[in-house]
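Numbers restart at 1 for each chain; the letters A, B, ... are given by sequence-line order, proteins then strands. Nothing here was measured: the structure is a model prediction, and the numbers come from that model.
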2 protein chains.
Amino acid sequence: MKLSSRTRYGMRAILELALEYGKAPLQIKTIAEREDISNKYLEQLIAMLKASGLVRSIRGPRGGYLLAKPPSEIQLKDVFLTLEGPMVPAECLEHPEYCPRCTDCATRQIWQELQNAIFGVLESVTLADLVERSLRSKKTGNYHI
Amino acid sequence: MKLSSRTRYGMRAILELALEYGKAPLQIKTIAEREDISNKYLEQLIAMLKASGLVRSIRGPRGGYLLAKPPSEIQLKDVFLTLEGPMVPAECLEHPEYCPRCTDCATRQIWQELQNAIFGVLESVTLADLVERSLRSKKTGNYHI
DNA sequence: TGATATCCTATTGGCTTAGTAGATTATTAT
DNA sequence: ATAATAATCTACTAAGCCAATAGGATATCA
C-alpha cells in the first residue's frame with residue numbers, strides 16, 4: 001500500500017502555500033522548483049485543490065496561488081481526500097447491502113477500524129500544525145527524526 | 001483509497017480457514033462458494049498465503065487447505081502484508097536519502113504516523129479474534145452493526 | 001500591446017488489477 | 001492399476017489508473 005504521487009506532491013505543495021500564508025501569492029513555477037515537481041503535473045494537482053476550495057488563485061502577472069482559508073482551518077484530511085479520493089477500504093462500508101455473508105462482517109469491522117485510525121490521524125493535524133513542525137525542524141536542522 | 005480485491009477476498013478466505021481450524025481441510029471450491037469468489041482467482045490468492053507460510057495444503061482427494069498455525073498466532077498484519085504488499089506510504093520512510101527538502105520532513109512525519117496507525121490496528125487483531133467476533137455476530141444475527 | 005501566469009483539454013506509455021484458460025502433478029479410494 | 005479428485009503452474013488479457021507531457025486559450029498587469 002502506497003500513497004499516490006498526487007497525494008505526496010500535493011501535500012507538499014499546499015504546505016508551501018501554508019508557509020507563505022498572509023504573503024504574496026506563490027506561483028506554480030516557484031513551488032515546482034522548491035519541491036522538485038514537474039511544472040505541468042503540479043498544475044493539475046493544484047487545480048484539484050482549487051476545485052475543492054482549499055486554494056484560490058490570482059491570474060496574470062504577479063498572480064499565483066493562495067490558501068483559501070487560514071492554515072489552522074484546513075485539516076490534512078481535507079487535502080488527503082481531495083487528492084487521494086474517497087477513503088473507502090471496502091465497498092460494504094458505504095453500502096451494507098453488499099455484505100450478505102456473515103464472515104464478511106468480521107472483516108468489515110476491521111476495515112472500519114482501519115478507516116477510523118487513518119481519519120483519526122488526518123483529522124488531528126492541520127496545515128498550521130504542519131507549518132509549525134516545518135519551521136521547528138528547519139530551525140534545529142533535524143531533518144530526520 | 002481502497003483495498004484491493006486481493007486483500008478483501010484473501011482476508012475472508014483465511015478467516016474461513018480459521019473458522020475450521022482443527023477440523024478437516026477446506027477446499028478452494030468450498031471457500032469460493034461460501035464467499036462468492038471466483039474459483040480460479042481464489043486459487044491464486046491462497047497460493048500467496050501459502051507462499052508466505054500462513055497456510056498449508058494437502059493434495060489429492062480429501063485434500064484442501066489448512067491454517068499453518070493456530071489462529072491466535074496469526075496477526076491480521078501478516079495476512080495484510082502478504083496480500084496487499086509492503087505498507088510504505090512514501091518512499092522516504094524507507095529511504096531517507098529521498099528526502100533532501102525541509103518541507104518534506106513535516107509531511108514525512110505524517111506518513112509515518114499514518115503507517116503507525118494502520119499497523120496499530122492490524123497488529124492488535126489476530127485471526128482468533130476475528131473468529132470470535134464472527135461467531136458472536138452469527139449467534140446474535142447482527143450482521144451489520 | 002506584450003509579457004506573465006493561470007486555465008483547459010487531450011494524449012500517452014507503463015503498470016497494476018482482476019480475473020480467465022488450460023494443462024500438469026500428487027494423492028486417495030476402488 | 002486406474003479413475004477421480006484437488007492442488008499446482010504458467011500464460012494470457014481486457015480494463016483501468018497513474019504520472020506525466022503537450023499545446024493552446026484566457027485573463028491580468030505594466
Whole angstrom value for the distance that separates P of C/dA5 from CG of A/Leu26 = 12 Å
Rounded to whole angstrom units, what separation is found between the CG atom of B/Leu45 and the P atom of D/dA7?
-> 14 Å
What nucleic acid atoms does A/Ile46 come within less than 4.0 Å of, heavy atoms only: base, sugar-phosphate, or nothing?
-> nothing
Give the C-alpha distance, both sets of side-chain angles, the deciding distance and a yes or no for salt bridge (Lys or Arg N to Asp or Glu O under 4.0 Å) between A/Glu16 and A/Arg12.
-> CA-CA 6 Å; A/Glu16 288 287 348; A/Arg12 280 155 56 192; over 6 Å; no
Looking only at side-chain N and O atoms, does A/Lys29 come under 4.0 Å of OP1 or OP2 in C/dT4?
-> no
Could you pull out every donor-acceptor pair under 3.5 Å between side chains of residues 38-46 of chain A and any protein atom, sequence neighbours left out?
from, atom 1, to, atom 2, distance (Å)
A/Ser38, OG, A/Lys40, N, 3.4
A/Ser38, OG, A/Tyr41, N, 3.2

Each nucleotide N or O in nucleotides 28-30 of chain C that has a protein N or O under 3.5 Å away: list the pair and distance.
none

Quickly work out the B/Lys50 NZ to D/dA6 C1' distance and round it to whole Å.
-> 12 Å
Listed by chain and number, what are the side-chain hydrogen bond (donor to acceptor under 3.5 Å, both in side chains) partners of B/Gln115, not counting sequence neighbours?
-> B/Gln112
Would you mind listing every salt bridge (charged side-chain N to carboxylate O under 4.0 Å, His left out) that reaches into residues 20-32 of chain B, with sequence neighbours excluded?
-> B/Glu20-B/Arg34
Within this structure, what is the CD-to-P distance between B/Glu35 and C/dA18, rounded to whole angstrom?
-> 16 Å
Write down the distance between CG (B/Leu42) and C1' (D/dC9), rounded to a whole number of angstrom.
-> 16 Å
Output all residues satisfying side-chain hydrogen bond (donor to acceptor under 3.5 Å, both in side chains) with B/Ser124, sequence neighbours left out; order by chain, then residue number.
-> none
Which residue pairs pass the salt bridge (charged side-chain N to carboxylate O under 4.0 Å, His left out) test with at least one member in residues 67-80 of chain A, sequence neighbours excluded?
-> A/Lys77-A/Glu123
Sugar-phosphate atoms are those with a prime plus P, OP1 and OP2; base atoms are the rest. Using that split, label each nucleotide of nucleotides 11-21 of chain D B, S or - for protein heavy atoms under 4.0 Å, 5' to 3'.
-> B------SBBB
Quick one: does B/Arg6's side chain have a donor or acceptor within less than 3.5 Å of a partner on B/Leu83's backbone?
-> yes
With sequence neighbours excluded, residues passing side-chain hydrogen bond (donor to acceptor under 3.5 Å, both in side chains) with B/Glu113 = A/Arg133
Rounded interatomic separation in angstrom, taking CD from B/Glu43 and C1' from D/dA6 = 9 Å
Does the side chain of A/Ser57 get closer than 4.0 angstrom to OP1 or OP2 of C/dC7 through an N or O atom?
-> yes
Partner set under side-chain hydrogen bond (donor to acceptor under 3.5 Å, both in side chains) for B/Lys50, not counting sequence neighbours = B/Ser57
